[in-house]
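Here the structure is laid out as structure tokens; the discussion comes afterwards.
Because the structure is a prediction, the values reported are computed rather than measured.
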Amino acid sequence: MSSVATTQIKLTPERSRPSLRARLQDALPKIVLAPSFAITIVFVYGFILWTVYLSFTNSKTFPSYVITGPRAYLRLWGWTFDSDPPSSWYTSIVNMGIFGFLYIAMCLALGLFLAILLDQKIRGEGVLRPIYLYPMALSFIVTGVAWKWFLDPGLGLEQTLHQWGWTSFHFDWIKNKDFVIYTVVIAGVWQASGFIMAMFLAGLRGIDGEIMKAAQIDGATTFQLYRRIVIPLLRPIFLSAFIVLAHLAIKSYDLVVALTSGGPGGSAWLPSNFMYEYTFKRNEMAVGSASAVIMLMTIVAIIVPYLYSELREKPQ
């Protein structure tokens with residue numbers, strides 16, 4: 001009996017342990033990513049939590065760690081409706097609505113239009129695509145400075161047309177507090193529309209050509225083809241482009257500073273400009289932190305539904 005048991009034990013294969021080299025190969029990606037992961041946790045999410053904490057304190061020039069409740073949020077809430085005379089926060093919110101709506105709508109419309117044109121296999125497409133995409137390679141500072149020179153009545157478009165004899169032409173939006181925010185829209189659309197064009201062009205090139213041919217055989221006009229087939233198929237591209245543009249619009253700061261320096265009397269302020277001004281110049285760190293948290297919550301309110309719709313399991 002003992003010999004049979006011994007034989008059975010010997011016939012049972014032993015589970016081989018992974019070698020040291022194999023374990024190091026498995027751990028190497030984690031080791032390489034660990035420092036950047038730790039830095040992200042500390043310097044991104046850690047400082048987000050710290051900003052949220054400061055928004056509930058009475059921090060002024062320097063941080064204060066004594067919690068005083070939502071006083072900063074209540075001040076912002078009061079300033080939201082303080083429109084006579086308008087508070088700087090009220091101006092920032094109104095400008096954000098104007099800039100965000102026009103910026104997103106015009107970038108989507110212009111990007112789709114350019115993508116449809118390039119999708120016609122026109123001659124010189126390889127040259128036109130880099131030209132349209134080039135503005136996105138520039139920083140917002142460079143874009144703002146370039147458009148500031150172009151729109152300045154003393155040395156830009158207006159001055160050039162006056163030298164050509166069109167002395168009745170006037171375009172002083174950049175110095176007009178009621179129109180300065182629209183110059184920010186112009187510069188922003190010029191920079192981002194090429195990137196949106198590239199997104200739509202990739203989507204158009206991914207549409208099955210057989211669907212298009214079948215619709216044309218059925219007698220669909222070009223307008224009906226795009227309205228009923230192409231544009232509905234581009235819905236995921238529209239959603240992704242909207243998320244990107246909304247994120248860029250909410251956090252826009254350097255474009256406003258470089259282009260208008262805040263505008264006459266802060267008339268071109270966005271919430272990001274308000275946050276910087278109150279945190280670092282007016283010594284109201286708690287108010288600045290509260291405005292930063294509100295900006296973060298706005299971005300979260302846009303991105304979370306998108307992520308939910310993308311990541312949820314589709315019903316079988």
Side-chain angles (χ1 to χ4, degrees), residues 33 36-57 59 63 67-81 87-108 111 136 140 181 184-185 188 191-192 195-196 199 235-257 269-280 284-314:
L33 293 176
S36 59
F37 179 77
I39 290 174
T40 301
I41 291 295
V42 174
F43 291 100
V44 177
Y45 298 102
F47 278 100
I48 288 176
L49 295 177
W50 189 60
T51 302
V52 174
Y53 182 85
L54 290 179
S55 67
F56 289 96
T57 66
S59 299
I67 296 180
T68 57
R71 291 195 302 179
Y73 294 96
L74 294 177
R75 291 180 65 183
L76 291 177
W77 178 258
W79 290 345
T80 303
F81 305 99
S87 65
S88 52
W89 177 248
Y90 174 84
T91 302
S92 301
I93 295 298
V94 172
N95 286 341
M96 185 72 260
I98 296 173
F99 175 71
F101 174 77
L102 293 178
Y103 175 69
I104 294 174
M106 294 177 68
C107 282
L108 289 176
M136 197 63 187
F140 281 115
I181 188 61
V184 183
V185 174
Q191 183 172 36
F195 174 70
I196 303 303
M199 296 180 64
R235 178 181 172 276
I237 308 298
F238 272 101
L239 190 56
S240 299
F242 174 80
I243 296 298
V244 172
L245 293 172
H247 174 260
L248 291 175
I250 292 172
K251 73 181 187 68
S252 293
Y253 168 80
D254 39 5
L255 180 62
V256 176
V257 173
W269 273 16
L270 295 175
S272 55
N273 303 98
F274 176 92
M275 181 273 296
Y276 181 86
E277 181 76 16
Y278 271 77
T279 302
F280 299 106
E284 292 281 355
M285 188 176 293
V287 175
S289 299
S291 64
V293 172
I294 292 174
M295 292 169 56
L296 175 64
M297 291 298 102
T298 305
I299 295 175
V300 169
I302 295 173
I303 293 180
V304 168
Y306 168 74
L307 293 178
Y308 175 77
S309 65
E310 290 294 319
L311 299 178
R312 67 178 179 178
E313 295 182 358
K314 296 182 178 180

Checklist entry - Would you say the side chain of Phe274 lies within less than 4.5 Å of the side chain of Thr91, judging by non-hydrogen atoms? => result no

Item to check | Check against side-chain contact (heavy atoms from CB on, under 4.5 Å), Val257 and Tyr276 | outcome: CA-CA 11 Å; Val257 173; Tyr276 181 86; over 6 Å; no

For residues 98-105, which side-chain N or O atoms pair as donor and acceptor with protein atoms under 3.5 Å away, sequence neighbours left out?
none

Checklist outcome for this item: For residues 68-79, the side chain to side chain donor-acceptor pair (under 3.5 Å) pairs (sequence neighbours left out) are Ser55-Tyr73, Arg75-Glu284

Next on the checklist: On a heavy-atom basis, which atom in Met275 and which in Ser291 lie closest, and how many Å separate them?
Outcome noted: CB-OG, 3.3 Å

Item to check | Counterpart residues, side-chain hydrogen bond (donor to acceptor under 3.5 Å, both in side chains), relative to Ser88 (two or more places apart) | outcome: Tyr278

Quick one: side chains of residues 239-256, donor-acceptor pairs under 3.5 Å with protein atoms, not counting sequence neighbours, listed by atom name and distance.
from	atom 1	to	atom 2	distance (Å)
Ser240	OG	Pro236	O	3.0
Ser240	OG	Tyr306	OH	3.3
Ser252	OG	Leu248	O	2.5

Next on the checklist: Let me confirm one number: the OG-CE distance from Ser92 to Met295, rounded to the nearest 0.5 Å.
Outcome noted: 10.0 Å

Checklist entry - Pro271 versus Trp89: any side-chain heavy-atom pair under 4.5 Å? => result yes

Item to check | Nearest-0.5 Å distance, CD1 of residue Ile48 to CZ of residue Phe43 | outcome: 13.5 Å

Checklist entry - To the nearest 0.5 Å, how far apart are CD in Gln191 and SG in Cys107? => result 9.5 Å

Next on the checklist: Would Trp269 and Glu277 count as a side-chain contact (heavy atoms from CB on, under 4.5 Å) here? Give the steps.
Outcome noted: CA-CA 10 Å; Trp269 273 16; Glu277 181 76 16; 3.1 Å; yes

Next on the checklist: Contact between Val94 and Ile181 at the side-chain level, heavy atoms closer than 4.5 Å - yes or no?
Outcome noted: no

Item to check | Distance, nearest 0.5 Å, that separates CD1 of Ile299 from CD1 of Ile294 | outcome: 12.5 Å

Item to check | Beyond-backbone contact of Phe56 with Ser289, side-chain heavy atoms, under 4.5 angstrom | outcome: no

Next on the checklist: Surrounding CZ of Phe81 (heavy atoms of other residues, nucleotides or ligands, distance under 6.0 Å), is the total greater than 12?
Outcome noted: yes

Item to check | Asn95 side chain vs Leu270 backbone, donor-acceptor pair below 3.5 Å | outcome: no

Item to check | More than 12 heavy atoms of other groups within 6.0 Å of Met96 CE | outcome: yes

Checklist entry - Who pairs with Phe37 by ring pair (Phe, Tyr, Trp, His ring centres under 6.0 Å), at least two apart in sequence or on another chain? => result none

Item to check | Set of residues satisfying side-chain hydrogen bond (donor to acceptor under 3.5 Å, both in side chains) with respect to Thr57, sequence neighbours excluded | outcome: Ser59

